[in-house]
Each structure stands twice: as structure tokens, then as C-alpha cells.
Amino acid sequence: MAATAVVWQPRDDGLAEICSLLEQQISPSSVVDKSQIWKQLQHFSQFPDFNNYLVFILVRAEGKSVEVRQAAGLLLKNNLRGAYPSMARENQKYIKSELLPCLGAADRNIRTTVGTIISVIVNIEGVSGWHELLPALVTCLDSNDLNHMDGAMDALSKICEDIPHVLDTEVPGLAERPINIFLPRLFQFFQSPHASLRKLALGSVNQYIIIMPAALYNSMDKYLQGLFVLANDPVAEVRKLVCAAFVHLTEVLPSSIEPYLRNVMEYMLQVNNDPDEEVRLEACEFWSAYCDAQLPPENLKEFLPGLIPVLLANMAYADDDESLLDAEEDESQPDRDQDLKPRFHTSRLHGSEDFDDDDDDSFNVWNLRKCSAAAIDILSNVFGDEILPAIMPLIQTNLSASGDDAWKQREAAVLALGAISEGCMNGLYPHLSEIVAFLLPLLDDKFPLIRSISCWTLSRFGKYLIQESGNPKGYEQFEKVLMGLLRRLLDTNKRVQEAACSAFATVEEDAAEELVPHLGVILQHLMCAFGKYQRRNLRIVYDAIGTLADSVRGELNKPAYLEILMPPLVAKWQQLSNSDKDLFPLLECFTSISQALGVGFAPFAQPVFQRCMDIIQLQQLAKVDPSSAGAQYDREFIVCSLDLLSGLAEGLGSGIESLVSQSNLRDLLLNCCIDEAPDVRQSAFALMGDLARVFPVYLQPRLLDFLEIASQQLSANLNRENLSVANNACWAIGELAVKVRQEVSPIVAKVVSSLGLILQHGEGVNKALVENSAITLGRLAWIRPDLVAPHMEHFMKPWCMALSMVRDDIEKEDAFRGLCAVVKVNPSGGVSSLVFICQAIASWHEIRSEDVQNEVSQVLNGYKHMLGNSWAECLSALDPPVKERLARYQV
């Protein structure tokens with residue numbers, strides 16, 4: 001007789017005890033010690049069949065409350081995430097066999113918990129590890145029983161959301177990919193009478209737009225027809241998903257909607273007025289997506305007269321907007337911890353600033369107002385002045401709306417003016433002084449949100465006012481804007497302070513040296529704000545002070561200004577402990593000041609240097625032993641301190657020697673260069689390069705260690721976060737090489753090989769790294785042409801193309817010394833790239849250094865001599881402007 005498999009059964013006492021613990025854990029009573037219960041549950045987790053008990057309670061404990069059963073399911077889900085792979089096979093099998101029959105459970109909470117657990121298991125072992133799953137889902141979907149269809153649909157939607165690719169892979173034993181089995185069924189559910197099924201089906205298909213499997217691509221017409229059927233669904237969540245589908249299709253595969261473009265645009269315009277705000281927000285995303293997808297603007301043009309009023313209406317504050325409550329906050333109310341946005345320090349970067357700069361608004365809530373303003377901004381950039389006839393009469397009407405009730409319309413009109421300021425500047429420019437004259441009094445409006453938006457809009461017009469500052473009226477207006485914003489810095493409303501300070505920082509960047517005549521009054525206002533702001537806005541003042549220093553540079557270095565600026569900052573510096581996060585923005589602020597003042601920062605340098613060293617040492621200790629450090633490790637302290645040390649090196653130049661020579665900075669820095677965090681390494685290599693420039697002797701005792709570690713960064717996996725590290729390491733090697741000359745020899749071959757690869761794949765990295773690679777390669781070639789020349793054929797073409805993009809400066813001169821040196825050692829290695837060598841030489845506007853000028857002339861004349869009759873052929877391949885520039889070398 002065949003043996004029957006023994007099915008696992010729970011012990012009654014164990015079952016009762018776990019149920020009792022779960023009941024206590026979810027009880028609202030405050031008498032129960034929840035941490036003690038959690039400990040006991042964790043203790044039970046060590047038993048191999050504990051998870052079997054949990055699935056039994058979820059699926060079979062009919063007598064228990066739904067809440068207890070659900071709690072068992074959620075605990076099971078969390079346990080499986082970590083423990084599933086190491087569980088005994090029979091326990092895995094038992095759990096899976098119990099879950100599937102429960103897909104159609106009568107209670108929806110139980111069904112959705114089962115669906116969540118199924119998706120966790122699929123996430124761990126895929127669908128091929130669970131042969132019964134797909135047939136069970138298909139059976140439920142085809143059953144016509146609402147509970148079974150809903151349970152299967154819920155599980156499927158979670159799989160589509162968390163691991164969509166798993167259904168688009170070959171599964172052993174299946175004739176086709178799972179997505180081919182499910183997609184037709186999902187389309188069918190678009191027409192279900194049950195809203196929950198329509199919503200889950202559409203949400204599931206939408207997950208595939210980004211990865212666009214062949215199954216979806218080939219059924220695109222069916223999908224689009226389904227979307228049009230659901231377009232006016234009575235349920236708002238379904239309409240929202242329809243809008244999301246059209247937005248994602250526009251972003252990912254705009255060609256798919258082109259045949260239906262007119263219908264889609266008409267629909268999107270209609271739902272921009274949907275009664276449900278979330279639907280309106282999703283629909284509003286479409287206009288930006290349309291412009292970004294570079295679909296034909298003329299198709300959109302005819303919709304503008306209908307679209308612009310809708311966007312403008314949606315830009316007014318909603319009655320439940322959190323900003324309306326915030327706007328009531330007086331400066332005397334202390335900030336709550338949740339008011340302090342997370343802040344992100346950007347590590348120092350050498351070279352072209354073309355790294356994506358994430359907008360600070362990432363923390364702010366994205367809503368219909370902001371989305372509508374962004375759409376207006378993008379439309380103004382696409383259509384320019386063509387949108388003015390549609391938008392200006394509306395802005396004027398809203399601005400002139402009187403009465404307290406209409407303040408939101410007035411505020412939205414000021415926001416709209418700011419949003420179109422860049423795209424429509426040509427059309428607005430003749431009216432600039434009228435617009436500014438209109439906005440200036442709004443800085444004193446009784447409504448704080450009108451005062452704050454007026455600050456922002458005036459800052460958007462700032463750069464155009466500065467262009468006008470040559471004529472007396474323009475200068476007078478520029479001064480009025482400057483003084484108006486400074487006045488608002490001292491507003492009693494926190495929201496206005498924040499807007500004024502941010503707007504002022506923008507004007508500082510645009511105005512630069514135009515600020516110099518006003519430095520005294522600017523500093524008085526900034527330091528007055530510094531004295532009265534709460535913590536959150538204080539960060540923005542630090543930013544405004546740092547931006548001022550970056551903008552006026554050495555002009556700040558006057559005793560009268562330093563007397564206003566430094567004492568309050570130094571007092572704050574002394575007040576904060578080494579582990580206080582409020583130090584971050586102050587460290588950043590001092591970095592800008594030290595660079596601007598140069599040697600003028602010397603009186604403050606010693607305590608600042610020592611503090612940075614103490615902070616780095618404290619954090620390196622906290623990393624291994626937080627209790628003896630008395631602080632939790634936070635690498636941002638190290639990054640900010642390294643960047644401030646770089647600022648000191650840049651500002652003080654060789655004057656840094658007295659600070660550095662007796663310190664242990666060298667060993668601390670080497671440690672930071674091998675840190676696992678990319679931003680720490682990025683800042684460490686920036687400091688290494690800055691020290692190489694001003695005090696290379698200090699690095700000498702560990703020179704080869706520094707060079708070796710820096711060279712390793714160039715062959716690392718160059719993903720986004722490592723790119724900036726590689727960029728700074730590359731720059732630092734070049735700076736060190738020109739100072740220590742022959743001592744870089746041991747790493748030349750390795751570095752040249754890495755730089756050659758970076759240059760060959762230039763399109764995959766960013767502009768800064770390509771330029772720094774071209775310069776460092778040139779510097780190494782200048783110092784050791786004998787080591788570089790044998791390999792030059794591999795990288796000559798991309799190297800010359802990169803050098804063509806570098807602006808004229810001393811670094812470019814060094815690189816050309818190297819280019820000429822390797823060509824002299826191995827002239828035949830450059831023949832196949834001669835056209836590119838000529839283009840690189842022609843990229844100079846003027847070579848200031850006479851010796852580089854002579855070297856370049858010798859190279860060109862050498863090739864002319866070497867090629868004889870073929871030289872004319874080479875010249876004929878060049879563009880006329882290139883030939884014209886080469887003519888100065890008499891070739």
C-alpha cells in the first residue's frame with residue numbers, strides 16, 4: 001500500500017498561544033507591553049514551523065476575528081521576506097498549498113493579505129518555482145465568481161506592480177510567456193461591471209508600459225480601445241488610471257497614440273476639468289509629457305485657447321492646500337522637527353557643471369497647482385510669445401480682481417507671470433518696467449502668500465532687469481527690486497522670509513558684481529535675518545550668504561564688511577557641537593566665504609581647520625564605535641568638512657602650509673579616499689587635487705598610495721554615483737602629475753588605459769569626466785610621452801575630439817604639450833587621426849603660451865613635410881573655418 005504524505009497539523013496549545021499574542025499585539029489597550037509581545041513573537045520565529053502556524057491562522061482560523069487573521073498574514077509576509085529561501089522545502093510547500101485555495105476567501109481583507117504574500121514569494125523564487133500558481137490564478141479569473149476573480153486579480157496586480165518582468169519571461173513547461181495568457185483576460189476585465197476589477201486590471205496593464213513587452217506592443221490597438229471605453233468611467237480612480245496610461249504612453253511610446261492624438265488631447269482637456277482633483281492632476285501631467293516627447297507642437301496649438309484658462313484656474317490654491325495653514329505661521333512660533341526638510345549636500349565637483357541637479361522641491365508635495373504652473377512654463381518655452389494673446393488678458397483680469405475673496409486669483413496670476421517669464425521674455429521685454437512696477441507694491445500686500453509669490457516672480461525677471469541696469473530707469477528698478485526683497489527678508493511671516501531669501505539668492509547669482517555698491521546694506525539685512533530666523537529658514541540665509549560670497553568674491557574682503565558678517569557666524573559656530581546637524585549649512589557657508597576671501601580668511605582659518613579635523617576624526621570613530629564617540633555616524637559631516645578644507649586650500653593657497661604641516665590630515669584623507677561611500681570619496685579626491693595644487697610636498701610621503709587609489713576609481717564600474725568620484729580622481733591625478741613630474745611614472749600605463757576607455761565611450765559618461773580625462777591624459781603624455789605614445793592609436797581620435805570641447809585655459813595648454821610630445825615620439829601613430837588633430841588645434845581661439853604655440857606649429861609642419869603630396873588631401877577634408885584657423889601656422 002502506498003504511503004500517504006503526512007500533512008502538517010498545528011498543536012492546539014501552540015495555536016492558542018500565538019493567537020493570544022496576536023490579539024494582544026493588535027489590541028488598542030495601552031496596558032499591554034507591545035515590545036514584550038514583539039519579543040515573544042520573535043522568539044517563536046526561531047521554531048522551523050512557526051510560519052506554518054501563521055498561514056494556518058490566516059487561512060483556517062475561522063473562529064478568530066479577521067483582524068487577528070490579517071495580523072498573522074502580515075507577520076508571515078515580513079518573515080518570508082528574510083527567511084523563505086532557507087526554510088525547509090516541506091514548509092515552503094505547505095504554505096503555498098494553503099494560500100491558493102484562499103484566493104477566493106469571503107472576506108476581502110483576507111484575500112488582499114493572501115495576494116500580498118503570494119507576490120512576496122514570487123519575488124523570491126519567480127513563477128517557475130511554483131507550478132500550481134498560474135493555473136490557479138487563471139481558474140479564479142475565469143470562474144465568474146466575484147470573490148475568486150477579485151482575489152486572483154489582487155494577487156496578479158501586486159505581481160505586476162512589484163515584479164512585472166517575471167510574467168514576461170519563458171517558463172519551463174509553458175508553451176508561451178505568462179503575460180500572453182493574462183493580457184487578454186486583463187483587457188476583458190476592462191469591461192467588467194465591478195469597479196474593483198476594472199481598476200485592478202487597468203492598473204496591472206499600465207505597469208507594463210515602461211518595459212513594453214512584445215505582447216503589449218502587439219496588442220496596442222486593443223489596449224487603446226479599452227482605454228477609450230474606460231475614459232468616462234463613473235469611478236474617479238479608473239479615470240485617473242486612464243489619464244496615467246495616456247501620459248506614460250506619451251513618454252515611452254509616443255508613436256502609439258499618434259493615430260488617436262486628437263481624441264486623446266480632447267479627452268485630456270476635458271478631464272483637466274474633472275470634478276476629482278486627483279484625476280485633474282493626472283490629466284495635467286499630459287501637457288508637459290506631450291512637449292517633452294517632441295510630438296508636433298502644431299497639433300497642440302489649436303487647443304491652447306481652451307487649455308490655458310483651465311491651467312490658470314487650476315493654479316489657484318485649493319481650499320485644503322497645506323500651504324494655506326503654513327502661511328499663517330508667525331516668526332515667533334518655533335519650528336517643529338517635521339518642518340525641517342531633509343537637506344542634501346552636493347559634494348565638490350571639478351569641471352563642467354553638467355551633472356543633473358535635482359530640484360530642492362523633491363520634498364515638497366506635488367499638486368495640481370504646481371503641475372499646472374509647470375505645464376504653463378513648458379508651453380511658454382515651446383510656443384514662446386504665441387501664447388501671450390491667450391494668457392495675458394486672463395492674467396490682467398485676475399490681477400485686477402478686487403476684494404479679499406479674490407486674493408487666490410491674484411496670487412495665481414502672479415505665479416503665471418513668473419511661469420512664463422523665461423519662455424515669453426521677447427514679448428514681455430518691452431513691458432518689463434510696467435510689469436515690475438506692478439509687482440513691487442505686491443511685496444507689501446496684506447496676504448502673505450501674495451507677498452511670497454511676488455518675491456519669486458520678481459526674481460525670475462531679475463536677470464532681465466540687470467541687462468537694463470545700464471540705463472538710469474532700469475538701474476533704479478533693479479535697486480527697487482533689490483531693496484524690496486531685502487525688506488521682505490525681515491518679514492514677520494516665515495513663509496515670506498523663506499520666499500524672499502530664496503528669491504534674493506537667485507538675484508545674487510544673476511547680478512554678481514552689480515551687487516558690489518550695495519554690499520553693506522545687503523550684509524546688514526542678511527545678518528539681521530540671521531539673528532531672527534528660526535532653524536528652517538536659517539538654512540536659506542546660510543545659502544544666501546554663501547551665494548553672495550560666490551558672486552562678489554574678493555570684494556567681500558573689506559574690514560567694514562567682515563565686521564558685519566563674521567562675528568554672528570563665528571558665535572553660531574562656537575555654539576554648535578561637533579555632532580549637531582545644523583553645522584552642515586554653516587560648513588557650506590564657510591566654504592564659500594573662505595574661497596571668496598582668499599588670504600583674507602587667514603584670521604579665521606586656524607579654528608576652522610582644527611574643527612574640520614576634529615569632526616572627521618569623531619565621525620571615523622563613530623563609524624566603528626558610536627558609543628565611545630558619543631555620536632551616531634553620519635557621513636555628511638565628513639563630506640562637508642572635506643569640502644570646507646578644500647575651500648581653505650583654494651582660498652589660502654600655499655598659506656595652508658602652516659595649518660596642514662603638523663596635522664594628521666594626510667592619513668585621514670587617505671582613509672576617506674578608500675571609503676565605501678561615493679560622496680565621501682568624491683570630496684576626498686577634490687581635496688587631494690586642491691592640496692596637490694598648493695602644497696604637493698605634503699602628500700609626498702604617501703604619494704604612490706594616493707596615486708594608486710585614485711587610479712583605481714577610473715576603472716571602477718562607472719555608474720551614476722561613481723562618475724563624480726572618477727571625475728575628481730582623474731582631475732587630482734592630473735594636478736599631482738604636473739607637480740611631482742616623473743614620480744607619477746608607476747601609474748601612467750594603468751591610468752592611460754582607463755582614460756582611453758572613458759574617452760572611447762564618451763557618450764556614456766558626462767561632459768566633465770570626458771574633459772578631465774582629456775586634460776589628465778595630456779598631462780601624463782607631457783611628462784612621460786615615451787610611455788603614452790605606443791598606445792596613442794587606440795584613443796587619438798576621441799582624445800582630440802574631447803580636447804576640441806575644452807575651453808582655452810592653462811589646463812588645455814598642458815594637454816596640448818602632451819599631444820605634441822607623443823606625436824613627436826610616434827608621428828605615424830597620429831596619421832590616421834590627423835583630421836581630428838587639426839580640428840583640435842583649430843579649437844583654440846588664441847594660444848597665449850609661446851612655447852605651446854611653437855610646439856603646435858612644429859607638429860603641423862612636421863606632418864606637412866612627412867605626408868608630402870598627401871597633405872593637401874588631408875586639408876581638403878577639413879571644414880573652411882578649421883582651414884582658416886590653421887592658416888596662421890603657414891601650412
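In this text the structure is predicted, and so the values were computed from the model without any measurement. Counting from 1, the numbers follow the sequence of the chain as shown.
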Which atom names give the shortest non-hydrogen contact between [X] and [Y], and what distance separates them?
{"X": "Cys424", "Y": "Asp385", "result": "O-OD1, 3.2 Å"}
{"X": "Ser592", "Y": "Ala549", "result": "O-CB, 3.8 Å"}
{"X": "Leu415", "Y": "Ala373", "result": "CD2-CB, 4.1 Å"}
{"X": "Phe478", "Y": "Ala511", "result": "CZ-CB, 3.8 Å"}
{"X": "Ala774", "Y": "Ala815", "result": "O-CB, 4.1 Å"}
{"X": "Leu659", "Y": "Leu652", "result": "CD1-CD1, 3.8 Å"}

Strictly distance-based, threshold 3.5 Å: is any side-chain N or O of [X] a donor or acceptor partner for the main-chain N or O of [Y]?
{"X": "Tyr464", "Y": "Leu428", "result": "no"}
{"X": "Asn766", "Y": "Leu769", "result": "yes"}
{"X": "Gln619", "Y": "Asp634", "result": "yes"}
{"X": "Arg488", "Y": "Leu443", "result": "yes"}
{"X": "Thr776", "Y": "Cys730", "result": "yes"}
{"X": "Tyr542", "Y": "Leu587", "result": "no"}
{"X": "Lys494", "Y": "Asn537", "result": "no"}
{"X": "Ser683", "Y": "Val680", "result": "no"}

Distance-only donor-acceptor hits, side chain of residues 595-611, under 3.5 Å, sequence neighbours excluded:
from	atom 1	to	atom 2	distance (Å)
Gln595	NE2	Glu650	OE1	3.1
Gln595	NE2	Glu650	OE2	3.3
Gln610	NE2	Asp614	OD1	3.1
Arg611	NE	Asn578	OD1	2.5
Arg611	NH1	Trp573	O	2.5
Arg611	NH2	Leu576	O	2.4
Arg611	NH2	Asn578	OD1	3.3

Checking Asn671 against Ile616 for the side chain to side chain contact (heavy atoms under 4.5 Å, CB included) test, could you report, in this order, the C-alpha distance in whole Å, the side-chain angles of both residues, the deciding distance, and whether it holds?
CA-CA 10 Å; Asn671 250 338; Ile616 295 170; over 6 Å; no
Atom [atom1] in [X], atom [atom2] in [Y]: separation rounded to 0.5 Å?
{"X": "Leu458", "Y": "Leu440", "atom1": "CG", "atom2": "CG", "result": "5.5 Å"}
{"X": "Leu736", "Y": "Leu699", "atom1": "CG", "atom2": "CG", "result": "6.0 Å"}
{"X": "Ile564", "Y": "Cys528", "atom1": "CD1", "atom2": "SG", "result": "11.5 Å"}
{"X": "Thr591", "Y": "Leu644", "atom1": "OG1", "atom2": "CG", "result": "4.0 Å"}
{"X": "Leu642", "Y": "Cys672", "atom1": "CG", "atom2": "SG", "result": "4.5 Å"}
{"X": "Leu548", "Y": "Asp543", "atom1": "CG", "atom2": "CG", "result": "11.0 Å"}

Strictly below 4.0 Å, N to O, side chains only: are [X] and [Y] in salt-bridge contact?
{"X": "Lys480", "Y": "Glu476", "value": "yes"}
{"X": "Glu498", "Y": "Arg536", "value": "yes"}
{"X": "Glu422", "Y": "Lys463", "value": "yes"}

Within the 4.5 Å heavy-atom criterion, are [X] and [Y] side-chain neighbours or not?
{"X": "Met566", "Y": "Phe590", "value": "yes"}
{"X": "Gln497", "Y": "Gln534", "value": "no"}
{"X": "Val521", "Y": "His525", "value": "yes"}
{"X": "Trp731", "Y": "Glu771", "value": "no"}
{"X": "Ser654", "Y": "Phe695", "value": "no"}
{"X": "Glu588", "Y": "Asp643", "value": "no"}
{"X": "Asp582", "Y": "Leu586", "value": "no"}
{"X": "Leu439", "Y": "Phe461", "value": "yes"}

Just by distance, with hydrogens left out, do [X] and [Y] show a side-chain donor and acceptor under 3.5 Å apart?
{"X": "Asn728", "Y": "Arg681", "value": "no"}
{"X": "Asn727", "Y": "Asn772", "value": "yes"}
{"X": "Asn381", "Y": "Asp377", "value": "yes"}

Would Tyr533 and Leu489 satisfy side chain to side chain contact (heavy atoms under 4.5 Å, CB included), going step by step from the backbone distance to the final call?
CA-CA 10 Å; Tyr533 280 12; Leu489 278 181; 3.8 Å; yes
Among all residues two or more places apart in sequence or in another chain, which pass the side chain to side chain donor-acceptor pair (under 3.5 Å) test with [X]?
{"X": "Arg817", "answer": "Asp814, Ser849, Asp851"}
{"X": "Thr457", "answer": "none"}
{"X": "Glu508", "answer": "none"}
{"X": "Glu555", "answer": "Lys558"}

Residues two or more places apart in sequence or in another chain: which of them pass side chain to side chain contact (heavy atoms under 4.5 Å, CB included) with Phe447?
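Side chain to side chain contact (heavy atoms under 4.5 Å, CB included) check on Phe447 returns Asp404, Trp407, Arg410, Asp445, Ile450.
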Please report the C-alpha distance between Arg539 and Phe584 in whole Å, then the side-chain angles of each, then the deciding distance to 0.1 Å, and finally whether the side chain to side chain contact (heavy atoms under 4.5 Å, CB included) criterion is met.
CA-CA 9 Å; Arg539 295 173 175 186; Phe584 295 152; over 6 Å; no
Checking side chain to side chain contact (heavy atoms under 4.5 Å, CB included) for the pair Thr547/Phe504: CA distance, chi angles, key distance, verdict?
CA-CA 10 Å; Thr547 306; Phe504 190 71; over 6 Å; no
Where do Asp808 and Arg848 land on the salt bridge (charged side-chain N to carboxylate O under 4.0 Å, His left out) test, with the steps shown first?
CA-CA 9 Å; Asp808 292 7; Arg848 299 223 168 142; over 6 Å; no
Candidate list Glu811, Arg779, Arg693, test side chain to side chain contact (heavy atoms under 4.5 Å, CB included), partner Val738, passing option:
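The passing option is Arg779.
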So does Arg666 have more than 12 non-hydrogen atoms from other groups sitting under 6.0 Å from CZ?
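Buried by this count: over 12 neighbours within 6.0 Å.
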